[in-house]
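Chain naming here is simple, since letters A, B, ... match the order of the sequence lines and numbering starts at 1 in each.
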Amino acid sequence: MIQIADILLAWYDKNGRHDLPWRQTRDSYRLWLAEIMLQQTQVESVKPYYQRFLNALPNWEALAAAPQDQVLALWSGLGYYARARNAQRAAQKIVADFAGEFPNTPESAESLPGVGRSTAAAVLASAFAQQRAILDANARRVLIRTQAIRSDPKASKTLQHLWKLAEVQTPADAHTYNQAIQDFGAMICVPRHPHCDACPLQRRCLAYAGGLSEQLPLPTRKPEKPDRCGFFLQLEDRSGRIFLEKRPDSGVWGGLWCLPQFNPAGSSLPFLCDDQQKALADGFLLRERVRQFCALRHGLVVEVKALTRLQKHVFTHFQLHFRCILATLQDDQIAPGVADQILTGRWFTRENALAEGLPTPVRKILSQTS
DNA sequence: CAAACGTGGCC
DNA sequence: TGGCCAAGTTT
């Protein structure tokens with residue numbers, strides 16, 4: 001009996017995306033980098049970042065030794081920046097603990113920051129020709145449809161079952177098969193309106209047999225996406241330089257350079273709700289609150305010049321509504337009595353700022369208002 | 001184990 | 001336009 005794997009391999013041989021940049025190599029560094037970049041990120045988004053990153057940092061040693069700011073600048077715009085920080089930590093661990101070679105067992109590979117079960121399997125299969133199964137979103141969807149799995153796709157029991165299926169179904173040539181099932185999921189067994197009329201697995205697909213192709217995988221609970229509101233401070237000095245602060249490694253935009261996020265409420269809450277923000281934006285209090293914030297937080301004496309319109313940036317788990325406060329540095333002197341530890345920012349020319357790792361909305365702001 | 005973590009494309 | 005989804009891992 002012809003196995004599903006054989007059909008996928010034959011389909012891939014004829015229809016697969018053999019020209020993707022990371023399909024031209026068996027180098028573990030290049031394979032690993034592609035896997036990390038492709039986590040939760042679409043192929044077309046990754047392509048330009050992948051080439052640029054490899055040109056700048058072509059191997060483990062270069063990545064391990066690079067300044068974190070360079071790594072984040074190369075990642076800027078890709079999102080999920082913990083991936084970039086973890087990638088550098090992984091490179092440092094490989095150089096320090098694994099003699100500069102990607103480790104060749106699942107346990108050791110998964111000890112690398114940012115490398116989980118699926119990523120480890122993908123690299124081991126392709127770099128070392130090991131028989132390792134992956135379970136990414138594509139493989140998951142294909143298995144759920146072909147096996148007509150009607151349980152919650154996120155439930156741990158379902159995932160255990162899917163991993164078992166993936167392992168059973170993965171042939172000796174896992175390197176080719178893993179790519180085959182991913183391309184199949186990306187081109188035929190797509191999330192919505194799968195192309196069942198062109199599907200070589202049609203005769204063996206339980207979802208198709210049961211008329212469930214459009215219903216599976218079962219939808220998962222959509223969490224509430226709250227609105228958050230705030231201000232970005234766009235401070236300029238006399239020579240037109242911009243003030244940015246480096247965000248802490250944990251949390252949103254970790255490690256990136258960012259316009260200071262101004263919290264006029266003075267509380268520990270990072271954002272105001274919208275009506276509060278409107279009231280403040282229209283009120284005369286804003287000017288004084290900004291001056292106070294800059295003096296206390298950064299030791300800067302500033303004057304507010306303007307306020308931009310409301311803009312929006314959407315994250316996975318919330319939406320950020322913000323305005324920019326345009327202000328100028330009034331006095332180049334640091335305010336007296338300011339402790340060093342609160343001087344958390346640096347001044348950048350616009351050009352130098354845009355060369356750093358910036359969150360996408362900050363990059364847009366600084367690109368627009370030249 | 002649920003929540004956190006970015007961004008862009010699609011319909 | 002707004003919700004859905006994408007080559008997941010970490011805490």
### Query
Any salt bridge between A:D136 and A:R141, counting N to O under 4.0 Å?
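No, no charged N to carboxylate O under 4.0 Å.
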### Query
What's the shortest heavy-atom distance between A:A174 and A:A125, and which atoms?
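Closest approach of A:A174 to A:A125: CB-CB, 3.9 Å.
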If only side-chain N and O atoms count, and only distance matters, is there a donor-acceptor pair under 3.5 Å linking [Y] with [X]?
| X | Y | result |
| --- | --- | --- |
| A:S108 | A:T105 | yes |
| A:Q39 | A:R83 | no |
| A:H313 | A:Q319 | no |

### Query
Applying the 4.5 Å side-chain criterion to the ILVMFWY set and letting contacts propagate, would A:L143 and A:I134 be lumped into a single cluster?
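No, A:L143 does not connect to A:I134 through the hydrophobic network.
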### Message
Regarding A:P217, tell me which of base, sugar-phosphate or nothing describes its non-hydrogen contacts under 4.0 Å with the strands shown.
### Response
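A:P217: no heavy atom of the nucleic acid under 4.0 Å.
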Pick the [atom1] atom in [N] and in [M], then give their distance to the nearest Å.
| N | M | atom1 | value |
| --- | --- | --- | --- |
| B:dC5 | C:dA7 | P | 23 Å |
| B:dG6 | C:dT1 | P | 25 Å |
| C:dC4 | B:dA3 | P | 16 Å |

### Query
Taking only residues two or more places apart in sequence, or in another chain, which ones meet A:D27 in a side chain to side chain contact (heavy atoms under 4.5 Å, CB included)?
A:T25, A:Y29, A:R30
### Query
Hey, which of these two, A:G79 or A:P223, hits DNA chain B nearer its 5' end, going by closest nucleotide?
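Closer to the 5' end of DNA chain B: A:P223.
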### Contact nearer the 5' end of DNA chain B, comparing A:G254 with A:S156
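On the 5' side of the pair lies A:S156.
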### Message
Each nucleotide in nucleotides 3-11 of chain C should get exactly one letter: B, S or -. Can you fill that in based on protein heavy atoms under 4.0 Å?
### Response
-SSBBBSS-
### Message
By the definition ring pair (Phe, Tyr, Trp, His ring centres under 6.0 Å), identify the one residue from A:F53, A:Y50, A:W32 that meets it with A:W22.
### Response
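So, applying the ring pair (Phe, Tyr, Trp, His ring centres under 6.0 Å) to A:W22 and each of A:F53, A:Y50, A:W32, only A:Y50 qualifies.
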### Query
Where does the chain A footprint on DNA chain B start and end, counting 5' to 3' with a 4.0 Å heavy-atom cut-off?
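Range of nucleotides within reach of chain A: B:dC1 to B:dG8.
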